[in-house]
Amino acid sequence: MVSERGDLHMLLRNGGKQNRSHTSFVRSSPSSVLILVQLKGSENYGLWRRSMRIALQAKRKLWFVTGKYTKASFPIALHEEWEICNAIVLSLIMNTISPDLLSGIVYASNPQAVWEDLRERFDKVNHMRIYQLHREITIISLGTDYVFTYSTKLKELWGEFDAIMPPPNSVKDHVDHLIQQRLF
């Protein structure tokens, strides 16, 4: 896969004409990636965030919420395409948020600011849920279930745990992770 910066250089070499591999290429159907998770608040923020990251990555638009490339980093000839992609990302975010939460972001024009605002408001570690997941994982047993039923339940529990508590990426994150793992 060509990097986004490589895509930008390839686009510039093509005289500013859009090509299908460029990150600002607008596909014919902006809603082709279906996201079934609707953000309702802190209780499902981790799952929503993970689903959105996957969808945005699939559309090659994740950098709109990470701030990797801004409108200013593109040539003026591509600003219109950038605005279209910006609107698509905002639309994707807004279409996956509960109507009760929508009023706080409906007038936003910057997906990165919306993403950060949602993170600040809802990325709260739910210590009680983490405790419940730990408990369920440790006491789950095969019982009378089929092996695949048991393994599916266990996989779902670990999946939810990973969504709430993603693995650490650095030493500092690892220390924070260990501190959060302590059950009081």
Side-chain angles (χ1 to χ4, degrees), residues 1-126 159-160 162-170 172-173 176:
M1 177 162 55
V2 180
S3 71
E4 289 172 349
R5 181 135 341 250
D7 285 344
L8 181 59
H9 290 299
M10 187 169 37
L11 182 69
L12 293 173
R13 282 196 306 265
N14 289 339
K17 294 179 183 171
Q18 196 175 44
N19 68 49
R20 299 182 75 77
S21 66
H22 189 266
T23 57
S24 72
F25 177 72
V26 180
R27 277 126 181 106
S28 59
S29 176
S31 63
S32 63
V33 177
L34 184 61
I35 302 163
L36 298 175
V37 178
Q38 184 179 53
L39 178 63
K40 295 180 179 154
S42 296
E43 66 270 13
N44 75 334
Y45 174 78
L47 183 62
W48 173 85
R49 181 176 163 265
R50 174 84 173 127
S51 299
M52 282 299 299
R53 285 184 66 87
I54 291 169
L56 290 171
Q57 190 171 17
K59 288 190 156 299
R60 301 188 66 168
K61 304 292 183 266
L62 185 60
W63 55 273
F64 273 91
V65 297
T66 64
K68 184 174 181 179
Y69 295 118
T70 61
K71 184 177 179 180
S73 66
F74 285 87
I76 293 173
L78 296 176
H79 282 196
E80 184 177 345
E81 285 84 5
W82 189 94
E83 289 290 340
I84 292 168
C85 292
N86 188 65
I88 288 171
V89 172
L90 280 169
S91 175
L92 279 170
I93 293 171
M94 288 182 204
N95 284 326
T96 61
I97 293 180
S98 163
D100 298 335
L101 306 174
L102 195 56
S103 64
I105 64 165
V106 75
Y107 297 107
S109 60
N110 180 340
Q112 182 187 13
V114 170
W115 190 261
E116 284 303 311
D117 176 55
L118 294 171
R119 184 188 61 77
E120 288 173 13
R121 287 174 29 197
F122 302 118
D123 192 14
K124 311 292 183 226
V125 176
N126 185 339
E160 184 180 349
D162 289 341
I164 294 173
M165 295 290 299
N169 294 324
S170 67
K172 182 191 177 306
D173 288 346
D176 292 343

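Atom set for the values below is all heavy atoms of this structure, side chains included, hydrogens, waters and symmetry mates excluded.
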Roughly how far, to the nearest 0.5 Å, is the [atom2] atom of [Y] from the [atom1] atom of [X]?
X: D117; Y: L101; atom1: CG; atom2: CG; answer: 10.5 Å
X: L56; Y: I88; atom1: CG; atom2: CD1; answer: 11.0 Å
X: M52; Y: T96; atom1: CE; atom2: OG1; answer: 4.5 Å
X: L118; Y: I97; atom1: CG; atom2: CD1; answer: 4.5 Å
X: R53; Y: L62; atom1: CZ; atom2: CG; answer: 4.5 Å
X: T66; Y: K61; atom1: OG1; atom2: NZ; answer: 12.5 Å

Specify the closest pair of heavy atoms between [X] and [Y], including all atoms of both residues, with the distance to one decimal.
X: V37; Y: S51; answer: CG2-OG, 3.5 Å
X: K71; Y: E83; answer: NZ-OE2, 2.6 Å
X: C85; Y: F64; answer: CB-CZ, 3.4 Å
X: R121; Y: I105; answer: NH1-CG2, 4.5 Å
X: W48; Y: Q38; answer: CD1-C, 4.3 Å
X: K59; Y: L92; answer: CD-CD1, 3.7 Å

* Passing option when V65 is tested against N110, I93, V114 for side-chain contact (heavy atoms from CB on, under 4.5 Å) -> I93
* Output yes when a side-chain donor or acceptor of N86 lies under 3.5 Å from a complementary backbone atom of S109, and no otherwise. => yes
* Specify whether F74 and Y69 have parallel, tilted or perpendicular ring planes, treating 30° as the upper limit for parallel and 60° as the lower limit for perpendicular. =>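 Judged by the thresholds at 30° and 60°, the geometry between F74 and Y69 is perpendicular.
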